[in-house]
Amino acid sequence: MLKVSTWKRLSPYASSLGVHAVLALLLAMWVLPAMQRGADVLEIQSALSATHPDDIAQLSDVSFDLQTAVVSTAVVVAESVPQGSVTQQSIPTVPLSAASVTDTVRPVRTVVPRLPSAEDLSDEELMVEVPKIMAAMPMHQHRGVTRVAEAAGTAQIVGQLSGDLASIARDGDAVVVWLMDQSVSMQRDRAAMAAQLLQRLQTIQEDKTSRMMHYVVAFGDSVRVVQNSTTKAHATANAIASMSVDPSGVENTFQAVEWCLDNLFGNPLWLKGGEKQKLLVIWTDESGDDCLRLENTIQRCLRANVRVDIIGPSAVLGAQTGYSAYQHPPDGKVYYLPVHRGPDSSFPQKLSLGYWHRDVPVSHDESVQGPWQGDAQGFGGSNLDALLSGFSPYALTRLARQTGGRYTIYDRPGDRSPFRVENLDGYQPDYRSLQEIMADLQSQPLRQVVLAASEVTWKSPFTRESEPPLQAITMHRWMTSNEFRDHLRARLPFVLARANKTAAVVEQAINFYVMADRMPAYTPQMQDPSDAFGSRANSLNSRMGRRDTKDEDPAESQSGNSTERPAEPEAPEGLTEINETRLEQLYREEPSKRWRAWCDLNLGRLLAVSVRLRESILVLSSLEHPNGLDSRTNRISFSVSDVPTGDPVSIQRAELAVRLLQRCIADHPETPWAVMAERELRYGFGTRMQQQSVPRPPPAPVSPTPTPRPSAPQLPRL
């Protein structure tokens, strides 16, 4: 037994021990439950618009890097925020084209891992980091595999979707977001799809082994939730069928996908139940106006583990803008309106080089009705600049491919490509990233030559319509010989100047083939689709108010083109024509049928146009000679000559052009390349001029009531 004096000495220590024990117990009661349930985290996401400087790296006038558009996520720990239900009112319509930063604050009842900051990583490091981040997450079976199919109607589309829906339903609870293009051209298709889809969704709803939640979202210039989270088949189908129309004609597809990732797939109401199967179904008839965001959108889908299935159009061969047949109800006429169907490849492989002798009827106004189709296959128009490829668009296909989804090509009966995917085996585009494609190009000289020559033509204002504006000097109205001579003196210098400028660009492109074995390393540039692949306004000449580029001053056209052309390789002295032996060696070493077809077609067309330009310049220059024009001539006409009459270089080039184009047709039958080669060979390469003396016609009868010129119709934006 302790003495009283000893107890008095130990009592302060005992009291302190007891107080600390109580405090430790209280602290444990507060900390341990928090560690078990997870800290309350406030996740702040910044949705950056395409015009914000932090969203996309600084772009040059003529190029961009699809790997630079990265949106970072900042995660901070804050006090608990009460959770509330997500309603349709809490997800308002958000303008995707806003230039400001919109902060969306969302409570999440889980611990969010700290992701590496993308801002501090290079492109190569960033591409390596994505698999590391995804290593612990469930991977989709087909991720990184190109799956492209075709559908003839909505019933076949729903049949293909049924397999994907059934698959994720068997694997557990699922969330499906139906992201639907809101354009007027999609209205009838949406209703047809909803009717076909209803039965499939009802079957899934009646299956009690899993729970599938649906959202229906409309997108165009903005994004809007049409149907909030529901498990009801009727509610989902009705929302798809009754969607309103967006008349803007803008499809910000990739921004809409990112909006769904931020606001729907991150819904805290169903995150509590653990990881869900996530499927995003996009249905659109365009490739999107914001494909600059492609790689950023892919990375965000990977982090969210969302698979993307896409129903979309076939792509234009080597161009952004295609056309869609639209029957205007007031007059019953069919108009071909521009739509962004997207290029089939990552880099411009096709030349921006117009055809000659397009034979557009005088009664067909291309500035209003769209390009004259004639007998052209696949809505290529009289210039074949919008020829449908039969392939799927590069950007949308890559999005589906990288997320494990499928791309289904669906074109309406009036808009279908004549080329089928199953018949184009060996010609498929490369759907890898730009970095991967460019890395391979370093050891593929023939492909570098094709891309370098194509880039020259895309950057020139003169090659898209390479035929000189000969109608500017023919003048079908009657003139006296003196009046015609004055007219010719005023207009001929302009026509000759334009022909010479076009010929100079064509020669620059040909020179890359001349220098095939000596050309320095070339890195292609993925140009802005609205510029490099042809913008809406340029493709239809503003549709309602065409600016005729044939009559504009060549000096003004040149001054308006601010882009710099790539450096032209210098040919060694004495080398002026193509080294066929070396070019053929590179051709035989090229394993891809697609690139061999591009080589034959592009070089054959360049040579053919160069001969036509030389011939026309030779004929036009003769009119500048004092004795070149007969004193009685008051009209001249031009016709096609099968045999060039120029120098030996023209004859040699014409022979080589015919051989290349005929080989393209023989080696690649029933492909877009064969169609374009056949069109180039339809007419001869020479130009014949005829001087005429036309007597004055009798005066035309005066109509008492002149017929007013019909006004242009008010056509929609598709």
Side-chain angles (χ1 to χ4, degrees), residues 314-319 344-345 349-359 373-391 416-429 446-447 449-450 453-454 457 466-467 506 509-510 513 516 578 580 583-612 640-644 650-686:
S314 58
V316 177
L317 183 70
D344 62 321
S345 59
Q349 300 165 2
K350 184 177 72 173
L351 299 168
S352 177
L353 188 64
Y355 284 91
W356 288 41
H357 318 300
R358 291 167 58 184
D359 300 330
Q373 298 299 322
D375 62 349
Q377 304 179 51
F379 291 86
S382 59
N383 213 19
L384 293 187
D385 54 354
L387 183 65
L388 299 183
S389 64
F391 302 108
R416 288 177 184 164
S417 168
F419 312 108
R420 304 268 70 86
V421 172
E422 58 270 16
N423 297 332
L424 295 173
D425 186 32
Y427 297 92
Q428 288 82 2
L446 185 69
R447 301 185 187 187
V449 169
V450 171
S454 298
T457 63
S466 63
E467 184 177 10
V506 172
I510 292 176
Y513 291 92
I578 296 174
E580 293 185 56
L583 196 62
E584 282 296 315
Q585 180 182 347
L586 296 178
Y587 182 90
R588 290 193 300 270
E589 293 172 355
E590 173 55 56
S592 168
K593 292 191 291 185
R594 178 186 181 91
W595 286 97
R596 292 199 299 271
W598 276 128
C599 178
D600 281 347
L601 175 65
N602 287 359
L603 179 55
R605 291 204 61 213
L606 286 168
L607 292 171
V609 170
S610 73
V611 174
R612 289 192 172 108
V640 181
S641 172
D642 293 336
V643 181
S650 294
I651 297 175
Q652 179 187 1
R653 286 190 172 193
E655 293 174 350
L656 179 55
V658 170
R659 290 204 308 270
L660 292 171
L661 294 172
Q662 288 179 343
R663 182 169 68 176
C664 181
I665 297 170
D667 291 354
H668 313 285
E670 299 182 1
T671 67
W673 296 271
V675 169
M676 297 183 71
E678 289 171 356
R679 172 64 180 83
E680 192 67 69
L681 289 174
R682 186 178 301 175
Y683 299 94
F685 297 164

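Only a predicted model underlies this, so the values are computations on that prediction, with no experimental measurement involved. Reckoned from all heavy atoms, side chains included, excluding hydrogens, waters and symmetry mates.
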Can you confirm whether Met676 sits close enough to Lys350 that some side-chain heavy atom of one is under 4.5 Å from a side-chain heavy atom of the other?
yes
Over all atoms of both residues, closest heavy-atom pair of Ser466 and Gly354:
OG-O, 2.9 Å
Quick one: sort the Tyr427 and His668 rings into parallel, tilted or perpendicular, breaks at 30° and 60°.
perpendicular
Derivation and outcome, side chain to side chain contact (heavy atoms under 4.5 Å, CB included), residues Val316 and Leu388:
CA-CA 4 Å; Val316 177; Leu388 299 183; 4.2 Å; yes
Is the backbone N or O of Tyr587 less than 3.5 Å from a side-chain atom of Glu589, with the two atoms forming a donor-acceptor pair by type?
no
Spacing of CD belonging to Glu678 relative to CG belonging to Leu601, to within rounding of 0.5 Å:
11.0 Å
Hey, what do you get for CD (Gln585) to CD (Glu590), rounding to the nearest 0.5 Å?
13.5 Å
For the student: nearest non-hydrogen atoms of Thr457 and Ala509, plus distance
CG2-CB, 4.4 Å
Should Phe685 and Asp642 count as side-chain neighbours, where that means a heavy-atom distance under 4.5 Å?
no
Starting at CG of Leu656, measure out to CG of Leu661 and round the result to the nearest 0.5 Å.
9.0 Å
Tell me yes or no: between the side chains of Gln349 and Trp598, is some donor less than 3.5 Å from an acceptor?
yes
Heavy atoms of Ala657 and Gly604 approach each other most closely as CB-O, 3.5 Å
Would you mind reporting whether Lys593 and Thr671 have side-chain heavy atoms less than 4.5 Å apart?
no
Run the salt bridge (charged side-chain N to carboxylate O under 4.0 Å, His left out) check on Glu584 and Arg659 step by step: do they pass?
CA-CA 13 Å; Glu584 282 296 315; Arg659 290 204 308 270; over 6 Å; no
Does Phe419 reach the side chain of Val675, with side-chain heavy atoms less than 4.5 Å apart?
yes
For the pair Ser650 (side chain) and Val611 (backbone), establish whether a donor and an acceptor sit closer than 3.5 Å, ignoring hydrogens and angles.
no
Side-chain contact test, heavy atoms from C-beta onward, threshold under 4.5 Å: evaluate it for Leu446 versus Cys599 and give yes or no.
yes
Can you tell if the side chain of Glu680 reaches within under 4.5 Å of the side chain of Tyr355, non-hydrogen atoms only?
yes
Please test Ser610 against Ile510 for side chain to side chain contact (heavy atoms under 4.5 Å, CB included), starting from the C-alpha separation and ending with a verdict.
CA-CA 9 Å; Ser610 73; Ile510 292 176; 3.9 Å; yes
Distance (rounded to the nearest 0.5 Å) between Ser454 OG and Leu606 CG
8.0 Å
After noting the C-alpha distance and the side-chain angles of Glu467 and His357, does the key distance pass the side chain to side chain contact (heavy atoms under 4.5 Å, CB included) rule?
CA-CA 8 Å; Glu467 184 177 10; His357 318 300; 3.9 Å; yes
Taking Leu353's backbone N and O only, do any of them form a donor-acceptor pair with Arg605's side chain (distance below 3.5 Å, no angle check)?
yes
Could you check whether any side-chain heavy atom of Asn602 comes within less than 4.5 Å of a side-chain heavy atom of Tyr513, counting everything from C-beta outward?
yes
Establish, for the pair Arg594 and Phe391, whether the NZ or CZ atom is under 6.0 angstrom from the six-membered ring centre and no further than 45 degrees off its axis.
yes
Using modelled atom types and a 3.5 Å cut-off, is there a donor and acceptor pairing between side-chain atoms of Asp344 and backbone atoms of Gly318?
yes
Any heavy-atom pair between the side chains of Ser592 and Arg447 that's under 4.5 Å?
yes
Look up atom CG in Leu424 and atom OG in Ser417, then write down how far apart they are to the nearest 0.5 Å.
7.5 Å
When rounded to the nearest 0.5 Å, the distance separating CG of Leu660 from CZ of Arg653 is 12.5 Å
Between the main-chain N or O of Arg588 and the side-chain N or O of Arg596, is there a donor-acceptor pair closer than 3.5 Å?
no
